[in-house]
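Report on the structure given below.
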Amino acid sequence: MLTPIQVYQFLSSEGHPNHGVKVSFVDDEANIPLCLQELALTEVRPTLVIVGGASGLDSGQQDQLRSLFNQVLAPLAEELQLHVVDGGTDAGVMSLMGQARTAVNGTFALVGVAPRSVVHLPDHKATHPDASTLEPHHTHCILVPGDNWGDESPWLAEVATHLTGSYESVTILINGGSVTWQDACASVDEGREIVVMAGSGRTADIMVNALNGKTVEDPRMEPLLSSGLMSSIGLKDSPTALKGAIRELLLK
């Protein structure tokens with residue numbers, strides 16, 4: 001089932017209305033293509049998936065990561081007119097992606113995918129204690145079934161696959177907590193390459209240790225490693241080098 005598309009406007013930090021975020025709800029994976037059609041997201045393109053730290057990303061870490069989004073990810077998405085897919089809420093890497101799109105005057109589609117029961121909407125307040133609001137600089141958000149964070153992981157990965165079509169897609173994994181492991185597994189299940197940002201902390205750095213041959217006693221790591229789809233690049237590399245590495249994966 002699909003619900004009619006709602007367009008929600010939010011106020012910027014200066015109190016001015018932002019563009020509307022188009023929001024749809026889909027409860028059957030078979031309806032994802034129809035949902036994308038109704039959202040006018042029918043043109044397939046190379047796609048960047050952003051997963052990682054949300055509420056666990058403190059202000060200091062966000063400041064450290066801001067240049068990655070403002071100087072690398074958003075400019076590259078605009079240059080190549082990528083689709084960008086993330087969790088869509090106003091926290092962590094998703095906030096940084098939304099803000100970066102605005103900072104570069106981006107025109108690329110920025111699509112959030114989140115569980116309906118844990119998202120506050122202007123006309124419906126969620127009851128979940130860890131509910132979050134939508135990030136106001138996204139262009140679209142697809143709400144999917146789920147009562148907890150992480151329920152969206154397979155949906156997010158599949159939405160990205162539909163948006164990509166026969167083009168290439170890459171998941172950028174930055175920092176992260178327990179849900180990030182689920183996001184990584186969902187990307188691998190879709191056959192999507194994952195680039196882990198070394199030096200971004202928490203889950204990302206655990207994964208980088210494993211990629212570098214160190215022992216990581218976490219059973220979630222082995223299937224990711226054995227997929228052959230994981231690599232890492234350094235957060236401290238130059239913006240030019242980072243853009244070049246990601247561009248090469250998307251355009252190969």
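Values below: every heavy atom of this structure, side chains too, minus hydrogens, waters and symmetry copies.
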Non-hydrogen side-chain atoms of [X] and [Y] separated by less than 4.5 Å:
X	Y	value
Ile32	Ile142	no
Arg192	Ser169	yes
Thr164	Arg45	no
Val118	Ser132	no
Val44	Leu163	no
Leu34	Glu38	yes
Ile194	Leu229	no
His140	Leu110	no

### Test side-chain contact (heavy atoms from CB on, under 4.5 Å) applied to Val119 and Thr89, step by step
CA-CA 8 Å; Val119 171; Thr89 57; 4.2 Å; yes
Enter the distance from [X]:[atom1] to [Y]:[atom2] here, rounded to the nearest 0.5 Å.
X	Y	atom1	atom2	value
Asp205	Asn175	CG	CG	8.0 Å
Leu96	Ile174	CG	CD1	8.0 Å
Met221	Asn209	CE	CG	9.5 Å
Leu156	Ser187	CG	OG	7.5 Å
Cys141	Gln6	SG	CD	13.0 Å
His162	Glu190	NE2	CD	8.0 Å

Any donor-acceptor N/O pair, [X] side chain to [Y] backbone, under 3.5 Å:
X	Y	result
Asp86	Gly88	yes
His128	Asp130	yes
Glu78	Thr107	yes
Thr203	Gly177	yes
His138	Ser95	no
Ser200	Met197	yes
Gln182	Gly150	yes
Asp27	Pro145	no
Arg202	Gly176	yes
His120	Ala126	yes

### Query
Under the side-chain contact (heavy atoms from CB on, under 4.5 Å) criterion, do Val85 and Thr47 qualify, and how do the steps go?
CA-CA 7 Å; Val85 183; Thr47 299; 3.9 Å; yes
What's the shortest heavy-atom distance between [X] and [Y], and which atoms?
X	Y	answer
Val21	Glu135	CG2-O, 4.2 Å
Ala109	Leu41	CB-CD2, 3.9 Å
Gly146	Asp151	CA-OD2, 3.3 Å
Phe25	Leu143	CD1-O, 3.0 Å
Tyr8	Asp123	OH-OD1, 3.0 Å
Val93	Phe69	O-CE2, 3.6 Å

### Message
Under 4.5 Å between side-chain heavy atoms, counting indirect links through other Ile/Leu/Val/Met/Phe/Trp/Tyr residues: same cluster for Val51 and Leu225 or not?
### Response
yes
### Message
Between Val111 and Ile5, is there shared hydrophobic-cluster membership here, with clusters defined by ILVMFWY side-chain heavy atoms closer than 4.5 Å?
### Response
yes
### Task
Could you give me the CA-CA distance, side-chain angles and deciding distance for Val196 and Ser231, then say whether side-chain contact (heavy atoms from CB on, under 4.5 Å) is met?
CA-CA 6 Å; Val196 185; Ser231 62; over 6 Å; no
### Task
Start with the C-alpha gap between Val195 and Leu173, add the side-chain angles, then the distance that decides, and say whether side-chain contact (heavy atoms from CB on, under 4.5 Å) holds.
CA-CA 6 Å; Val195 176; Leu173 191 150; over 6 Å; no
Hey, can you pull the donor-acceptor pairs under 3.5 Å for the side chains in residues 244-252, sequence neighbours left out?
residue: Arg247; atom: NE; partner: Glu79; partner atom: OE2; Å: 3.4
residue: Arg247; atom: NH2; partner: Glu79; partner atom: OE1; Å: 2.9
residue: Arg247; atom: NH2; partner: Glu79; partner atom: OE2; Å: 3.0
residue: Lys252; atom: NZ; partner: Glu193; partner atom: OE2; Å: 2.3

### Query
Ala77: what forms a side-chain contact (heavy atoms from CB on, under 4.5 Å) with it, not counting sequence neighbours?
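Residues passing side-chain contact (heavy atoms from CB on, under 4.5 Å) with Ala77: Leu82, Val84, Phe108.
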### Distance-only side-chain donor-acceptor flag, Gln99 / Arg66, under 3.5 Å
yes
Using atom types as modelled, flag every donor-acceptor pair under 3.5 Å from a side chain in residues 236-243 to any protein atom, sequence neighbours excluded.
residue: Asp237; atom: OD2; partner: Gly234; partner atom: N; Å: 3.4
residue: Ser238; atom: OG; partner: Ala241; partner atom: N; Å: 3.1

